[in-house]
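Worth knowing before you read on, the calculation uses all heavy atoms, side chains too, and leaves out hydrogens, waters and symmetry mates.
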Amino acid sequence: SPLLDKLPELRARFSKCAPFSRRNVGTTIGKDLETNTSTTLYLHANLTELLLSPNGDRIEAALVRNYTGTKFRFEADHFVLSTGTIETPRLLLASRSVDPRGVGNAHDQVGRYFHDHVSLPAAVLTGATRKLFLESLGPFLHRGTAHTIKFEAPTALRERLNMLAVMAHIIIHEPEDSGVSVVRSMLRTVQRRNFKDAIFRELPKVPRASVEVAALAYTAQFNKRRYASPRADVTLCLDSEQMPLSETRIRLDEELDHLGMPRTVVDWTVSDHDLATLRTFAIYLREKFQALGLEGVNWRPEIFDPEAEISGITDTYHPMGGCRMGTDPRESVVDPNLIVHGIPNLSLATAAVYPAGGSSNPSFTLMALALRLADRLKIQLT
C-alpha cells in the first residue's frame with residue numbers, strides 16, 4: 001500500500017464482505033438445514049423461556065410459543081442458545097418461573113458489560129490525498145470477495161498512548177442517484193428475495209445511471225477494485241472498541257410484547273475512555289499525515305478540543321457482551337467452554353460472551369467458538 005508503507009508503526013488488516021448472493025443465510029445454509037436428515041427445523045417457534053429444574057442446576061425444557069398463542073415444550077439433553085447478543089440476555093432474564101432472578105443470574109451478571117465498536121467520521125478527504133487513500137485503502141476484490149483495508153494501532157502503540165484497540169479506514173459515500181447506489185439497492189432487494197421491488201422500483205433507475213454502472217462493472221472486472229464516482233465523499237473514519245462497563249447493560253422493561261415477554265432496554269453509552277482513544281488516535285494520525293506532507297485531510301476541529309462535544313459517533317452493528325465469559329461466576333455468566341456457570345446442560349453460542357471487543361469484526365471469532373462448541377458437544381453427547 002503506497003500509504004501504509006510510510007506508516008510503519010501501524011498494522012494493516014482486512015475486512016471481508018461476502019458476495020450479495022451469499023449474505024442471506026436463509027438461502028444458503030438454510031437449504032442445507034431443510035434437507036439435512038439429522039436436523040429438524042421448526043419455523044414460527046418463538047422461544048419464550050428456558051425452564052429450570054426445581055433445584056436450578058439444569059434446563060428441563062425450552063418453552064416456545066407461536067403467533068396464534070399455541071405453546072410447545074421441547075426437551076433435550078443439552079441446550080445451545082444462539083439467539084444474538086441482545087436477545088440472549090433477554091431470554092435468560094425473562095426465564096423467571098423457577099428463579100425470579102432469571103437463568104444464570106445468581107450474581108446479577110446477565111446483561112452487564114454490553115459493548116460495541118464505535119465509529120467516528122473524523123475527516124473528509126479531498127484532492128490528491130483523496131486519490132491516494134482510495135488507491136491505498138479502497139475496497140478491492142479477491143476471488144469474488146470484497147476486501148477493505150484498515151490500519152490499526154498495534155499493542156505496543158496502544159500501550160504507549162494508553163488507547164483501547166483502535167483502527168482507521170475510509171468510507172465512500174455515494175449520492176443516492178449514483179450508479180453505485182442504484183446497483184447496491186438492487187442487489188440488496190435481490191438478497192432479501194424481494195424480486196418485485198428489484199424489478200419495479202430499482203431496475204428503472206439503471207438507465208439514468210448507466211455510465212456509472214458501466215464504470216462500476218468495468219472497474220470490478222478488470223481492475224478488481226470498487227469504483228468511486230467523482231461525486232462520492234470519501235471520509236476517514238476511526239473505529240474503536242469500548243471499555244466494558246458493568247453499568248452498560250441489557251435489562252427488561254415492564255412493558256410486554258405480543259408474545260407476553262418483557263421488552264428489552266439497552267443502556268448503552270460512549271464512555272470517557274472511548275472518547276479519549278478516538279481523540280488520541282486522531283492526534284497521532286494528524287501528526288503523521290502532516291509529517292508526510294499530506295494536504296486535503298479536513299479534520300473535524302472539535303476532535304482536538306478536549307472541552308468540545310463530539311457528535312456523529314455511532315455503533316457499528318457489532319453488539320457484544322451481556323453474558324461475558326470468565327472463570328469466576330461472580331463476575332461472568334459462562335465459562336471458557338461457553339457453559340453457563342452452574343447449569344452444565346446450557347451453552348451460549350453468541351457474541352454476548354465476549355469480555356471485550358478488540359478491533360476486529362466479531363463474526364469470524366464467533367464462528368470459531370461455535371465450531372469448537374459443536375466439536376465438544378459431539379464428543380460429550382456421543
Legend entry - Phe140 six-ring centre to Arg225 NZ/CZ under 6.0 Å and within 45° of normal: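 No.
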
Inset, instruction - Validate the cation-pi geometry between Arg249 and Tyr113: distance from NZ or CZ to the six-membered ring centre under 6.0 Å, angle to the ring axis within 45°. - result: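 Checked: cation-pi criterion not met.
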
Whether the side chain of [X] engages the backbone of [Y] through a donor-acceptor N/O pair (distance < 3.5 Å, no angle test) should be reported.
X	Y	result
Glu49	Ala94	no
Asn105	Val110	yes
Thr350	Ala352	yes
Arg90	Pro262	yes
Asp274	Val270	no
Ser95	Leu91	yes
Arg96	Gly102	no
Glu247	Arg112	no
Asp335	Asn337	yes
Arg300	Pro121	yes

Do you see a donor-acceptor pair shorter than 3.5 Å between the side chains of [X] and [Y]?
X	Y	result
Ser119	Asp239	yes
Ser271	His273	no
Ser363	Asn361	no
Glu60	Ser53	no
His142	His147	no
His78	Ser347	yes
Thr83	Thr88	yes
Ser332	His341	yes
Glu295	Thr129	no

Legend entry - Over 12 non-hydrogen atoms of neighbours within 6.0 angstrom of NE2 in His44: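 Incorrect, the count does not exceed 12.
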
So if you build clusters from Ile, Leu, Val, Met, Phe, Trp, Tyr with side-chain heavy-atom gaps below 4.5 Å, do [X] and [Y] land together?
X	Y	result
Phe79	Ile379	no
Val124	Ile171	no
Met167	Ile313	no
Ile59	Leu63	yes
Leu132	Leu7	yes

Does any part of the side chain of [Y], heavy atoms only, come nearer than 4.5 Å to the side chain of [X], both counted from C-beta?
X	Y	result
Ile303	Leu278	no
Phe72	Arg65	no
Val103	Leu346	yes
Leu245	Phe114	no
Ser359	Glu241	no
Gln242	Asp116	yes
Leu50	Leu92	yes

Inset, instruction - Please check if the distance between the ring centroids of Phe74 and Tyr42 is under 6.0 Å. - result: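 When the ring centroids of Phe74 and Tyr42 are compared, they turn out to be within the sub-6.0 Å range.
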
Inset, instruction - Tell me whether the centres of the aromatic rings in Tyr284 and Phe289 are closer together than 6.0 Å. - result: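 No; Phe289 has its ring centre 6.0 Å or more from that of Tyr284.
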
Inset, instruction - Kindly indicate, with the supporting measurements, whether the criterion side chain to side chain contact (heavy atoms under 4.5 Å, CB included) is fulfilled by Leu294 and Leu3. - result: CA-CA 10 Å; Leu294 296 182; Leu3 178 60; 4.1 Å; yes

Inset, instruction - Test Phe151 against His169 for side chain to side chain contact (heavy atoms under 4.5 Å, CB included), laying out the working first. - result: CA-CA 7 Å; Phe151 53 99; His169 62 107; over 6 Å; no

Legend entry - Working for side chain to side chain contact (heavy atoms under 4.5 Å, CB included), residues Leu338 and Met325: CA-CA 7 Å; Leu338 307 185; Met325 182 192 303; 3.5 Å; yes

Legend entry - Spatial distance of atom CE (Met243) from atom CG (Leu164) [nearest 0.5 Å]: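 Taking CE in Met243 and CG in Leu164, the distance rounds to 5.0 Å.
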
